[in-house]
Amino acid sequence: MHQRHLPASPNWYCSRCSDINGKGVLGFGAKNTIYLLNVTASSPAVTGELTGHTERVSGFAFCPHDGQERICASTSDDKTVKIWDAGQKILLKEHNVHQSTISAVHWSPVQKLLLVTGDEKGIVVCYWFSSNDTQSFFPEPRTIFCLSCSPHEENYIAVGYKDGMIVVIDISKKGEVIHRLRGHDDEIHALAWCPQPREEPLYGRSEDKTDGSNGVTEAAEMGCYLASGSRDQTVRIWSTARGKGVMTLKLPFLKRRGSGVDPVVKERLWLTVHWPKGQPSQIVSSCFSGEIIMWDLMKSGKQKWSLLGSSSDGQNHSRIVFNMSSFRSGDRELLLSTSMDREIKCWDLASLECCWTLPTLGGFVYCLSFSPVGTGCLALGIGDSMIRVWNTLSIQNQYDIKTFWQGIKSKVTALAWHPLKEGTLAFGTDDGKVGINEVYSNKPPQISSTYHHRTVYSLSWGPPVPPMSFGGSGDKPSYSLYSCAGEGVIFQHDPWKLSGEASNIDKLIRDTNNIKHKIPPHTDLSWKPDGSVLAIGNEDGSIEVLKAPMLKLLCTVQQHHKIINSLRWHHEHSSQNELQYLLASGSTNAIVYVHDLKSAIETPSEIPVLMTESFRTLSGHTNKITSLAWSPHHDGRLVTVCYDGTAQVWDVLKEEPVCNYRGHSGKKRVEMEKKRGPQKKSKKKKAAPEKRGMKAEERELPLGEEIKGAAGSGAEEGQSENDKEEEERENTDGPSVTGNEISVDTRGIERVQNGERFSHAVKREVKEEKKREKSDLSLKKRKPRSILPLSTSMDHRPKEELQQDCLTLAAVRYSHGQSGTCVTGSGDHIQLGLFTDRDALYRMFQEEEESHVEAGHYDSMVYLRLWKGDLIGAINLAAEKGELTDHLLSLAPMAGYQVWARTVEAYVKQLCHHEQFLKAASHLVSIHKLYEAINLLKNHQFYREAIALASARLQPEDPVLKNLFMSWAAVLEKDGHYATAAKCYLAADSNFDAAKVIAKKGDVISLRTAANLAQISGESELAHSLSLRCAKDLMLFQDWAAAQEVLRTQDSLLGHRLVFSVNEILTQRLADTDVVTWSVASSHTWSKSCEENFLSMVHRVWQSEFGVAATDLVQVKMLHQQLRTVENPPATTSVPLKHLLFHISLDVTLCALSQLLCDWPSVLEELLQALTRGYEAGHFTLMAEMCQLLTVTFYKQKLDSTDERSLVISQSVEALVCYQLMYKKWWNYSAETSALTNNTISNGHRLTEKNHSEVEANCNGEAQSDVIFSEGFWKVLLSEPHANLQATQRAIAEIQRRVTSLIQQHNPCKDSHASPQALSTSQSETSEDQGGSLSGKSESLSTLTARVAEHHKALAAIPELVNKYPFPDVMECCIVLLHMEKHFTPFPPHIHSKATTLLCKYGTTELLCKAWKRLTQ
């Protein structure tokens, strides 16, 4: 199978995170994975990936030695170095010598299998792969950014540092520094050695020309040039012979689209350099905005550079380039580059033109959608805040992708193409935004003014509903945009006026259907393609089917019991019209259900129908289903994707898997992985609430996003408004702080482990020291801090100064204001303020207050103000500093009520800041702010306390109380506390929601409790559905007594009680025949098997146990009408036997009720339905036992001979009975014919030896033998109208198979990328298919189409009644007859003749011809 891959984006801000070997295999790190690509000049091809690192890959390099090209090395933030075999994609070796984050890696081009790595602490580690030896060096205490091994001197390694220093070390001399190359003043991003060993003269200004020799000395021949690229915007060429720079190349400011280089872009520069092999005078470097330039070092003049991709726009990268590597492909030198624009480009260094571009993905794929109008146009929503639109049918460029980023700024989680308007694409984002993009226009997208509160999970275009549908046809759009998000709300947006407010369709649903209870949160929606019906999936697992435009509820599907993740309607253009009513649904459990909603849509009832049985059940996945899609090219072909990492294709009608696709290493995100149900509350401290349904995997950083956090990445740099793209890309999901935190913690753990003894010793010393401190404190009492520290300190001066204070104080007191320069209470005389007047005391207080503020002792300052009598000032100051206390609050009433109230409010804010919410609420109550106190408790999750307060102080009818109960119930429901949530709903008079939330757990006890609760609270319809659901679960456990007890509580479930009683009696009867092999948990005495006729026993039990008898015809008729509304899915071979018996029990119950009503045509029709289920399920023994239990012969006598429908039904019933008798008689003969039995077409009815013996034991000897050989017996089976019908249907199926074969033959021819082997295989398969066709000759599609039309015309001519009711395969009966005649007793000639005639006329298929041929040999 031909595949195209979009790999993850290469990691950013790494000196060497991509490399290519001589065989053209490119490897690059993307998050914690290495991707491998086969590269040619025409196209790339992803060949695999290397997985094993637990954190971001920080470096990758191939071994350059001949014969070792497949060996490669990778480094990671997990501090490991891994050696891989890229050919076999296996891990060879690894080491974890580094204790810090590894930032550089390179293989030595000279020393065989020497790998050199460097980390952020400045450690250089040499690892010899062959001997597994390591050696560490510490040349400089600086952060290493890059390193490069010399291609000429095996012991020389150049190391570049974050501060701009470059050193050349010799590892043979224990890492001795040979040269320190100074000149750069910022991060060294890349180093590249000249491939030529000698230093040839270079044109340009030498930085040190002392000898007039153009910068080259006599010893230069022994050295080698080294190129470096730095964040200081320069490329420098160094002479390692002299240890000095010989050339400086300043990056040019290239103008793009008529504008200069933004200063912010200059600051965000990453300057990588690459010196191609075989071109010693030319180096390649990156530039400011993604340009790549080639420098000619031998070129004179000012402009030494040439721009790659200058011939046309769009060839260059649009953002900075991180890594470059080259290899020779034939006679062409190809350069590979990776960039922040998430593209990998291949360049021809001879022509300087771009050969191809491979787009990559910088985040998870959350959604994808094919355009229904633009063929092959695929839109992808990515976690890097961009939309990709991929023209998959492009011939010239197989990766023809356009990128849209404007106006998004968040993960793209939902996409939907307009069904008619080409290029109109709606999108939804993680932050709740909904917008519309015109992909064939350069205009920015339209954004809806109505935002969702959580992630948008689903988008769908559909017909407008009120209020948007009101108005004339020209006043409204033909399609509205519907969005469903994590908060459970569906909005209808007007695509003509997205600036207007969107409408919530819940209001329309509630008004139209008169719903009083809480509507469950919605999780997905899907419009039927013709726009007539809307299906909505809910969080509780229910699916609501509503009719447009008023959204009248038609039916509710209650099959899933967990959150609905995806809904999809079958397409309309199928050959079978009834398939358009199929609705597929997937939920958090691993089962996919398909429901046939034809009857609910075409003949809706006044009361919405509750469906609990699916049309088809698809089991095979092992985890939650994330998305579904019907094939638009096939009938009944469905693909499902799941968390198990697989995509499964199903033939829904056959209920069989077709094929399974694997290959994704993570969760399957072909279409978005969606919502998530309630989680169990963690015992840890409660974290901030997250979006409902966001999974832990979705909260991970997108690929390539975390790399901005690396050292020197420039992630902290400023951004301008003009560079919106830069801002949106780099801010997506934030930097990866997690990885750094983990590494720090790990180092701490390692230190403790490596120094365990020292750690314990330190702990003992600390404990002993604490004990000594405690003992010292207990011996002496600690003196409290003085409230007047300044004046107190003045009393500890020398005695002379204290005596002088006395003289000064006396002079002041007796000078009568003539004290001169002495101001008591301030400055040097602050201590005297205590002994003079009040003014002096206040001056002393003022200085003491200022001292307390500087020291942070606000409480002392407040006391001083209180002592002055400035109570308001003290309170205001304490409130301003956040130092209010209960004491101050108690003093506040002294200043008046207003001051006290303001103080309480300020104190409440202070308490909230310290998370003392209960105390804060109590203070609010004290100033009669009751509602504020309740809201405070509610907003901080103190629901129980808020309800207690509200119940104690508010009126019972206050809406605030109900709102509290509802809010708390929603939180409890989300955390899985269903019982407490139900109490809240009951307290809020939301009885419906209380019952629903208890039923969420889904076990029998919960369902029974929920049903009883609904019954008590008057929710009869809900009680009805829950009781029935509980009884069905008990039926699966064969607990018949408990099931009847549950149903007995609901008077409306009397009809279902009759069905369960029939099921119990039937199970007991079949247990005697070994059809039922399981044990029964509990049963009733009246169900014990006896010799009484089955239907007579059923009528007797009904009358004695349930009071249902023929005398009460009104009740019987009502029960019959009630059960007729129950729809069971058609029988298939995959239906479990318990379910099959329950479906048969419903048919038998209807049959018995019709018998009480003396409605004999209905009796026969329902009897036929019961027999048909065993026939269609391929359970021959069950069908035979049902024929014996249900006496069918006497019903024909009660039919009206003029009623054609009744006669046709009677013929089908007789045919099924005769069919099983025919096989019984055949199997009663010698076992010698078993070989032919295995080759006969028996419609899937095969019996084991055990079943054979059972049939023989139940046969009636000669009486049945007479029946078998009677003329009437074969006349029933050999029905020519049915033979004609079946032959026509077989012919149509055969032609359809041949058409499919022709299409399969044509497709490989169209695909130019298909391999010759795949083409030959497809052709051989096609020839085999054609060999088994009717004619064996090649026919055109038009011829086959004409033949199908003829057969359909013949099919229409067959009476409808013949086509409506099932009938055994007539050709099969003819072959069995001829076989029995050949080997056993001959039949009458006219019977033989009729069978032969029918085979000649209608047995034209290959299998029938082979079977007949064997009989005639």
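Computed over heavy atoms, backbone and side chain alike; hydrogens, waters and symmetry mates excluded.
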Could you tell me which residues satisfy ring pair (Phe, Tyr, Trp, His ring centres under 6.0 Å) with [X], sequence neighbours excluded, listed by chain and number?
X	value
His573	His571
His493	none
Trp356	none
Tyr581	none

Counting C-beta onward and ignoring hydrogens, is there a side-chain heavy-atom pair between [X] and [Y] closer than 4.5 Å?
X	Y	answer
Gln1296	Ser575	yes
Phe427	Ile447	yes
Glu49	His5	no
Leu37	Leu358	yes
Phe60	Asn11	no

Any pair counted as ring-ring contact (aromatic ring centres under 6.0 Å, His included), so long as it reaches residues 326-354, sequence neighbours left out: none

Residues in side chain to side chain donor-acceptor pair (under 3.5 Å) contact with Tyr482, at least two apart in sequence or another chain: Gln492

Can you name the residues that form a side chain to side chain donor-acceptor pair (under 3.5 Å) with Glu333, not counting sequence neighbours? Ser326, Arg328

Euclidean distance, [Y] [atom2] relative to [X] [atom1], rounded to 0.5 Å:
X	Y	atom1	atom2	result
Asn391	Asn397	CG	CG	9.0 Å
Leu525	Leu459	CG	CG	8.5 Å
Phe28	Ser9	CZ	OG	8.0 Å
Cys367	Ile382	SG	CD1	7.5 Å

For Lys654, is the NZ atom crowded, meaning more than 12 foreign heavy atoms sit under 6.0 Å from it?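 Check fails, neighbour count at 12 or below.
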
Among residues two or more places apart or on two chains, list those pairs meeting side chain to side chain donor-acceptor pair (under 3.5 Å) that have a residue in residues 416-427. Thr424-Glu438

Say whether Asp524 and Ser458, considering side chains only, have a donor N or O and an acceptor N or O under 3.5 Å apart. yes

Donor-acceptor pair, Arg1347 side chain versus Ile1295 backbone, under 3.5 Å?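 Checked: no pair found.
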
Using the salt bridge (Lys or Arg N to Asp or Glu O under 4.0 Å) criterion, which residues pair with [X]? Sequence neighbours excluded.
X	result
Lys345	Glu343
Asp348	Arg332
Asp530	Lys528

Residue pairs passing the salt bridge (Lys or Arg N to Asp or Glu O under 4.0 Å) test where at least one lies in residues 387-399, sequence neighbours excluded: Asp384-Arg388

Checking side chain to side chain donor-acceptor pair (under 3.5 Å) against Thr640, which of Arg568, His621, Gln648 comes through? His621

